[in-house]
Asker: 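Just dropping this structure here.
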Amino acid sequence: MLKTLVKRSFARAWRKLEDDERINKRIALVEVERSSRPEFGDFSSGIALAEAKNTTLSAHELATEFANALSTDITAELYSQVEIAGPGFVNVFLAPSLIHSALREILEMGDRFGYSTTGQEKPVQVEFVSSNPTGPLTVGHGRQAVLGDVLASLYTTLGYKVSREYYFNDEGHQIDLLAQSLWARYRQEFGDTTSIPEQGYQGEYIVDIARQLVEEPGPSLADFDEQTSNRFKQEAISRISSMIKNDLDLLGVKFDSWFSEQTLHHSGEVTAALEALKACGGIYEREGAIWLKTKENHGVKDSVLMRSDGRPTYLMVDIAYHINKHRRGFVHVINVQGADHQVEQSCMRAAMRILGYPEDFLDYAVHQFVSIKEHEKITRMSTRAGKFILLNDLLNELGRDVVRYFMVARKPTSHLEFDIDLARTQSLDNPLYYIQYAHTRIASIFRRVGSPALSPQVDLRPLEKREELDLIKQLDRFPEMLQQAAFEFSPHLVTDYALTLARAFHAYYDSYRVLGDQERLTTARLALLRGVQIVLHRSLQLLGLSIPEEM
RNA sequence: GCGCCCGUAGCUCAGUGGACAGAGCAACGGCCUUCUAAGCCGUUGGCCGGAGGUUCGAAUCCUCCCGGGCGUACCA
């Protein structure tokens, strides 16, 4: 990668300066940035500005010394030019031969370009969606599903062994309410006036399921006794979870494992978790309940683990779940969650600290909510009140690619306003097509010339236009961008990047002909296009979008 | 009240310490006998919510204020 080479060169040059008596002999970390504008070269450093105060030199004088030290790398064919600009920036312009070597590297790597061994095959888990099986997925879950899926792909690319997991809350109060709600709808089908519990589920889908139950088991179940309750629980869970799985399938999200909350209760892991916390001195009793010492472990506030009636809270079970994750050998667990879980997140971190797990074991990729704008009205969603827009409806109307793109193109910490009308009328203007179109244009050229094999040893010297060198520099940035997108939980950087690359390609395509009479030039340009194709392909693949050969 | 997130062009959003603030959409004007015009080129449009502070340098960091969202359950 070019940046690595430049960094090394800058560090070498700075070390030479350290012998200068006017400069304190301190090791400075030489910051190297990609320049913001073409006039400022390819890379620049503001180190002279930052370090001048530690010397007897002015920023400009220090920059001059630094630039002189760098200039030996001009003869080494790293740079074509080294400049001092503004108050004391040092800017370097890369030599074309160096830029060509970056493309050569990409051609050598082929489809493996962007993959790295950073992760050393360490097992990482991404847990996401984990929606209660109490209703179909909404567009909000859709955002989380796409976010988690792309994050998982990014970590895979960086060399981690990634597992996607869905935690199924198939036990507890909400499930009881669900069963009661379904029961009420079922009785209503027979003309009874049974009403839905106050906090119960109002959605249409409950009515649909109730109608199915009219056929089988039929009207026989007239009392809501324990047996009937269990029957309705299982019916509701199994039917709703298959709805969920179907929606995720449509969205192109596949999980490696589905973890049932019930298993934690049945295996005794909840009790064991409580014992473990107790052994570490992390709990206390008050008002008949057992509490977690969250606050003295950097958390927000203490929370109840065991209610005074002896039943565990959701948090207690979730801690047991995380102990289970740890036991399964994951070194890093990333939970994708909505912004409404902040207290839980703080409690869970406290619990991990109490148990003595490494600080970096648990991480949360937090995302803000999705609101839906339709006919100038903004709707917020509530599953219980039956007020929501279904992911399924959105997928049927707009298709997987458009939905995925909308969901991932935004920074997770920003609220996502999903404008339905805009999505309908402008789905054809979606930037997604702009990216895919770039890929098809390249594919079309390769079809025309019969997809020749392009050796990395191909002569790249004919690539001397500014646009060509710029394209290569864009490609070279890909691996850096992937690292940032993964570690900062920011998959939107991938869409941003792909868009910028597509733009540079389209502009180039319109200005220059690839296929021509001069064989050397044509071959070199084909090599460049191969590079762009590889990176666009990888980007679309990471985002889970289709990769069309023609449109 | 307290905690977290957000406030950037008409709209939806990037940019979180660097040099004159970016994109898509919308608006306006050009470009198809040539590798796919789902494209390209150009124009219009912003005292980066406000006020202080730190810094050689602030949309970016700190403090306060204003506006919006989400929390603040012995719910999940």
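For clarity, every value in this text was computed on a predicted model and none was experimentally measured. Letters A, B, ... mirror the listed sequences (proteins, then strands); counts begin at 1.
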Asker: Are A:F40 and B:A19 stacked, counting the six-membered base ring, centres under 5.5 Å, planes under 30°?
Answerer: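 Here A:F40 meets both the 5.5 Å and the 30° conditions.
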
Asker: For a quick check of understanding: with a heavy-atom distance under 4.0 Å over all strands, which category does A:D302 fall into, base, sugar-phosphate or nothing?
Answerer: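 The residue A:D302 makes no contact with any strand.
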
Asker: Report the distance from atom CG of A:L499 to atom P of B:G22, rounded to the nearest whole Å.
Answerer: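 Between P of B:G22 and CG of A:L499: 16 Å.
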
Asker: Would A:E171 and A:H265 count as having a side-chain donor-acceptor pair, cut-off 3.5 Å?
Answerer: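 There is no such pair between these side chains.
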
Asker: Does NZ or CZ of A:K245 come closer than 6.0 Å to the centre of the six-membered ring of A:W258, within 45° of the ring's axis?
Answerer: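 Yes, A:K245 lies over the aromatic ring of A:W258.
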
Asker: CD of A:Q518 versus C1' of B:U34: gap in Å, rounded?
Answerer: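 Rounded to the whole Å, the gap is 16 Å.
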
Asker: Side chains of A:E261 and A:N169: any donor to acceptor distance under 3.5 Å?
Answerer: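 Indeed, the side chains of A:N169 and A:E261 share at least one donor-acceptor pair under 3.5 Å.
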
Asker: Determine the Euclidean distance between corresponding P atoms of B:U34 and B:G49; express it in Å to zero decimal places.
Answerer: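 Taking atom P in both B:G49 and B:U34, they lie 48 Å apart.
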
Asker: Which part of the nucleic acid does A:S44 contact within heavy-atom distance under 4.0 Å: base, sugar-phosphate only, or nothing?
Answerer: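 Base: the residue A:S44, judged by heavy atoms under 4.0 Å, touches a nucleobase.
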
Asker: Side chain of A:L515 only, heavy atoms from C-beta on: which candidate in B:C56, B:C35, B:G39 is closest?
Answerer: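 Of B:C56, B:C35, B:G39, B:C35 is nearest to the side chain of A:L515.
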
Asker: Can you tell me the distance, in whole Å, between the CZ atom of A:F369 and the C1' atom of B:C6?
Answerer: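 My rounded result for the distance is 13 Å.
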
Asker: Mind checking if A:E550 touches a base, just sugar-phosphate, or nothing, with heavy atoms under 4.0 Å?
Answerer: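 Base contact.
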
Asker: Look at all strands and tell whether A:K411 reaches a base, only sugar-phosphate, or nothing, counting heavy atoms closer than 4.0 Å.
Answerer: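 The residue A:K411 makes base contact.
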
Asker: Can you see which heavy atom on A:Y167 is nearest to which on A:Y314, and at what distance?
Answerer: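 So the two residues come closest at CE2-OH, 4.2 Å.
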
Asker: What integer number of Å spans the C1' atoms of B:C32 and B:U16?
Answerer: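 Rounded to whole Å, the distance is 43 Å.
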
Asker: Mind checking A:H341 for me? I need base, sugar-phosphate or nothing, with any heavy atom below 4.0 Å counting as a touch.
Answerer: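 It contacts base atoms.
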
Asker: Side-chain N or O of A:R37 less than 4.0 angstrom from OP1 or OP2 on B:G22?
Answerer: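 So the side-chain polar atoms of A:R37 do come within 4.0 Å of the phosphate oxygens OP1 or OP2 of B:G22, strictly under.
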
Asker: Provide, to the nearest angstrom, the distance between the CG atom belonging to A:N430 and the C1' atom belonging to B:G39.
Answerer: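 Spelled out: CG on A:N430 to C1' on B:G39 is 16 Å.
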
Asker: Does A:R513 reach a base, just sugar-phosphate, or nothing at all? Heavy atoms under 4.0 Å.
Answerer: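 Answer is base: heavy atoms of A:R513 come under 4.0 Å of a base.
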
Asker: Looking only at side-chain atoms of A:A507, point me to the closest of B:A37, B:A14, B:C41.
Answerer: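 The nucleotide sitting nearest to the side chain is B:C41.
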
Asker: A:A85 near the nucleic acid: base, sugar-phosphate alone, or nothing, with a heavy-atom cut-off under 4.0 Å?
Answerer: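 The residue A:A85 makes base contact.
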
Asker: Give one of base, sugar-phosphate or nothing for A:E549, where a contact means two heavy atoms less than 4.0 Å apart.
Answerer: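 Base: the residue A:E549, judged by heavy atoms under 4.0 Å, touches a nucleobase.
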
Asker: Looking for any heavy atom pair under 4.0 Å, which part of the strands does A:A59 touch: base, sugar-phosphate only, or nothing?
Answerer: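 Contact class for A:A59: none.
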
Asker: Rounding to an integer number of Å, can you tell me how far A:Q368 CD sits from B:C13 P?
Answerer: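 Interatomic distance, CD of A:Q368 to P of B:C13: 12 Å.
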
Asker: With P as the reference atom in both, quote the distance from B:U8 to B:A14 in angstrom, rounded to an integer.
Answerer: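 These two P atoms come out 10 Å apart once rounded.
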
Asker: Measure OH/A:Y201 against P/B:A76 and give the value in whole Å, please.
Answerer: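 Going from OH in A:Y201 over to P in B:A76 covers 10 Å.
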
Asker: Once you apply a heavy-atom cut-off of 4.0 Å, does A:V514 come out as touching a base, just sugar-phosphate, or nothing?
Answerer: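 The answer is base, as A:V514 lies within the cut-off (heavy atoms under 4.0 Å) of a base atom.
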
Asker: I want to confirm an ordering. Mapping A:H492 and A:E287 to their closest nucleotides on RNA chain B, which one lands closer to the 5' end?
Answerer: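 By nearest-heavy-atom nucleotide position, the 5'-most residue is A:H492.
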
Asker: Determine the minimum heavy-atom distance between A:T413 and A:Q368, stating which atoms define it.
Answerer: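 Distance-wise, the nearest heavy atoms are O-CG, 2.9 Å.
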
Asker: For A:M551 and B:G39, give me the distance from atom CE to atom P, rounded to whole Å.
Answerer: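 It is 9 Å, rounded to the nearest whole Å.
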
Asker: Using whole Å, report how far OH of A:Y497 lies from P of B:G24.
Answerer: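 Going from OH in A:Y497 over to P in B:G24 covers 18 Å.
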
Asker: Under 6.0 Å from the ring centre and within 45 degrees of the ring axis: does the NZ or CZ of A:R530 meet both conditions for the six-membered ring of A:F446?
Answerer: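 Yes, cation above the ring, under 6.0 Å and within 45°.
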
Asker: What is the nucleic acid contact for A:G172, judged by heavy atoms within less than 4.0 Å: base, sugar-phosphate only, or nothing?
Answerer: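 Since no nucleic acid heavy atom lies under 4.0 Å of A:G172, the category is nothing.
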
Asker: Please classify the nucleic acid contact of A:S414 as base, sugar-phosphate, or nothing, using heavy-atom distances under 4.0 Å.
Answerer: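 A:S414: backbone/sugar contact only, no base atoms under 4.0 Å.
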
